[in-house]
Amino acid sequence: MIRNKLRELLSKKFPEEKIIIDYVPKNKKGDYSTNLAFKIASRTGKNPLDVAKNIVQSINDPLIADTIIYPPGFINFIISKEFLLNCLLEPPEINLGTHKKILIEFVSVNPTGPINIVNARAAAIGNSLINVLKKTGFKAEAEYYINDQGRQTKLLAVSIKERINELTGIKPRIPEDGYHGEYLIELARELKALGISDIEKIREYAVNYFINEHKNTLKDFGVEFDNWVRESEIYQQGLVDKVLKILNDKGLTYKKDNALYFRATEFGDTEDRVIITSQGRHTYLLPDIAYHLDKLSRGYDRLINIWGPDHHGYIKRLIGGIRALGYPEEAITVIIVQEVKLKKGGGYVKMSKRAGTSTALDRLLKDIPKDVVRFFFLMRSCSQHLDFDLDLAREESEDNPVYYIQYAYARIRSIIRFAEEKGLKCPPHPELSLINKEEELNLLKSIVRFPEVLEDIVRNLDPYPITYYLIDLARNFHYFYQKHRVVGDDKELSYARLFLVNKASRIIADGLNLIGVSCPERM
RNA sequence: GCGCCUGUAGCUCAACAGGAUAGAGCAACGGAUUUCUAAUCCGUAGGUUGGGGGUUCGAUUCCCUCCAGGCGCGCCA
């Protein structure tokens, strides 16, 4: 990675400074820049320009072809062409992770209804993040947690039972806080045909039904999980009782109004939280802490949870629970993915799972191609609210950045097919020094930046920059294509360019693969 | 009232860890192909970065405050 090489180079000279390497704006010369001179100047009271001159004089490395100082003190580096070309021949091994084990839990939709659009966004983000982590040397696993025990699945079963009654002509009386969605009618029909009417059996059947649905829908979306963990398993292992005992023994619980409270305020929460209700039921928090204890005991270096915006208030109490068990706060990172609002006909589509008006992922995928949905979800950072305009996504599917990128790939594949028809087969070590044109070098620089984008993603745990990078890479290819021919009379030059564009196509394929978008050979 | 997120071009969004003349796409207008895919490319136009203050050599970025919007604040998950 060039950026890291520069950083290391400067760090050796200035070990006490925090070195920041930036890209250079288009209207300035150079490839990378540093603000190091400003930092030193402000600390020593010297003129940044003079400091910059001193820094430049003290640096000498084959990586750097030239340096330019811009007032008031920017130092810009021009990377040597030989070095850039060498990156094509020997792509750097990207290893940020040193094989650390990371567990990412995401989606974890309750088995009471379809996967909604916010869960789908989390699925796209989590899956892409895991792909990037794996690519950069981590051992990353995807986990899905199933709440198959609580009050919600009971309510679901009751709601279904009412729907079954409805099928036999009895007016359904679905509880007010039950599930009113019409998607349960189909399930009721199935259960009626099977003759299942016992409420516990209904629950079991329905839970399995939804888990299966979720698995299939997510598979269609290109998202698979390594582990599916059920809340009931956590109970069976006795972990819930164990957590309860630890909390009691540590004096971190107390009774009030006949309910049992966890002293969450001692761990940074705004109030103490009920863990056992006055009715004797566990609130979700207790098994949730137990579940995270289970995760921690499985030997991961880091846990990451991806949650929807409505859960942000639970971060403190969960981490509080984990801390109460003796784990450090840093053991878990919670990423909040902001909401998705569906737009249709100029207005927003209202969503509520219990009322059954949520827009489900499977229905969305019937409307909009998977590639477009996944790409759109990744075009915003997690913390951005996302407006998904259904009409626009359909109408503008022709004008989509996804197709812009895929088209660049298909074009390159076409060129390579054309070259092969002409009998040109690129040798493993073409004369790359023939690559000199501005458009060629821009494409080359764009290719070489790929690992740096991955590094940013890992640092921020947010995969969205990859979409912008791929658009930029595709653009650099399209510019190049417009100005220069790959296959021409000059055989050596053709080989060099074939090598370059082939490399670009491989990076595009890699990048799209990381975000679960397909990469067609022809368009 | 408290907490989280957001406010940048007509629209949807970028700006990587505080950097340089704030960039793309869409929409509008004008152009480019007898040669490897026109789902492409070139050009024109479009901005008081919600308002105000502060820190800094430098703020879209950090801090304070106000305004506007979304979400959450249960002995539901």
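Here is how names work: the chains are called A, B, and so on, in the same order as the sequence lines, proteins then strands, and each is numbered from 1. Note that the structure is predicted; figures quoted are calculated from it, not measured. Heavy atoms only: backbone and side chains are in, while hydrogens, waters and symmetry mates are out.
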Distance criterion of 3.5 Å, no angle test: do you see the side chain of Q152(A) paired donor-to-acceptor with the base of rC76(B)? yes
Which residues share a side-chain contact (heavy atoms from CB on, under 4.5 Å) with I146(A), sequence neighbours left out: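 Partners of I146(A) under the side-chain contact (heavy atoms from CB on, under 4.5 Å) test: P111(A), Y144(A), D148(A), I211(A), W228(A), R230(A).
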Can you name the side-chain contact (heavy atoms from CB on, under 4.5 Å) partners of D371(A), sequence neighbours left out?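 Testing D371(A) for side-chain contact (heavy atoms from CB on, under 4.5 Å), a comparison that skips the adjacent residues, returns V402(A), Q406(A), V517(A), S518(A).
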Between protein and nucleic acid, restricted to nucleotides 1-10 of chain B and to nitrogen or oxygen atoms under 3.5 Å apart, what atom pairs and distances do you find?
unit_1 : atom_1 : unit_2  : atom_2 : d
rG3(B) : N2     : H312(A) : ND1    : 3.4
rG3(B) : N2     : H312(A) : NE2    : 3.4
rG3(B) : N3     : H312(A) : NE2    : 3.3
rC4(B) : O4'    : H312(A) : NE2    : 3.3
rC5(B) : O4'    : Q338(A) : NE2    : 3.4
rC5(B) : O3'    : S383(A) : O      : 3.4
rC5(B) : O2'    : S383(A) : O      : 2.6
rC5(B) : O2'    : H385(A) : NE2    : 3.3
rC5(B) : O2     : H385(A) : NE2    : 3.0
rU6(B) : OP1    : S383(A) : OG     : 3.4

Which atoms of nucleotides 18-20 of chain B (N or O only) lie under 3.5 Å from a protein N or O atom, and what are those distances?
unit_1  : atom_1 : unit_2 : atom_2 : d
rG19(B) : N7     : N35(A) : ND2    : 3.0
rA20(B) : O2'    : K28(A) : NZ     : 3.2
rA20(B) : N6     : S33(A) : OG     : 2.9
rA20(B) : N6     : N76(A) : OD1    : 3.2
rA20(B) : N1     : N76(A) : OD1    : 3.1
rA20(B) : N1     : N76(A) : ND2    : 3.2

Can you check nucleotides 41-45 of chain B for protein contacts, nitrogen or oxygen pairs under 3.5 Å, and list what you find?
unit_1  : atom_1 : unit_2  : atom_2 : d
rC41(B) : OP1    : Y404(A) : OH     : 2.3
rC41(B) : O4'    : Q482(A) : OE1    : 3.2
rC42(B) : OP1    : Y479(A) : OH     : 3.4

Once pairs are restricted to Watson-Crick or G-U wobble with both distances under 3.5 Å, how does RNA chain B read as a dot-bracket string, [ ] for crossings and | for other-strand pairs? (((((((..((((.....[...)))).(((((.......))))).....(((((..]....))))))))))))....
Can you list every pair that meets salt bridge (Lys or Arg N to Asp or Glu O under 4.0 Å) and has a residue in [range], with sequence neighbours left out?
| range | answer |
| --- | --- |
| residues 401-420 of chain A | R413(A)-E521(A), E420(A)-K425(A) |
| residues 19-34 of chain A | D31(A)-K445(A) |
| residues 488-505 of chain A | E440(A)-R497(A) |
| residues 454-465 of chain A | R3(A)-E455(A), R3(A)-D456(A), R7(A)-E455(A), D456(A)-R459(A) |

For E162(A), side-chain hydrogen bond (donor to acceptor under 3.5 Å, both in side chains) partners two or more places apart: none
If you look only at pairs with a residue in residues 34-53 of chain A, which of them pass as a ring pair (Phe, Tyr, Trp, His ring centres under 6.0 Å), with sequence neighbours excluded? F38(A)-F74(A)
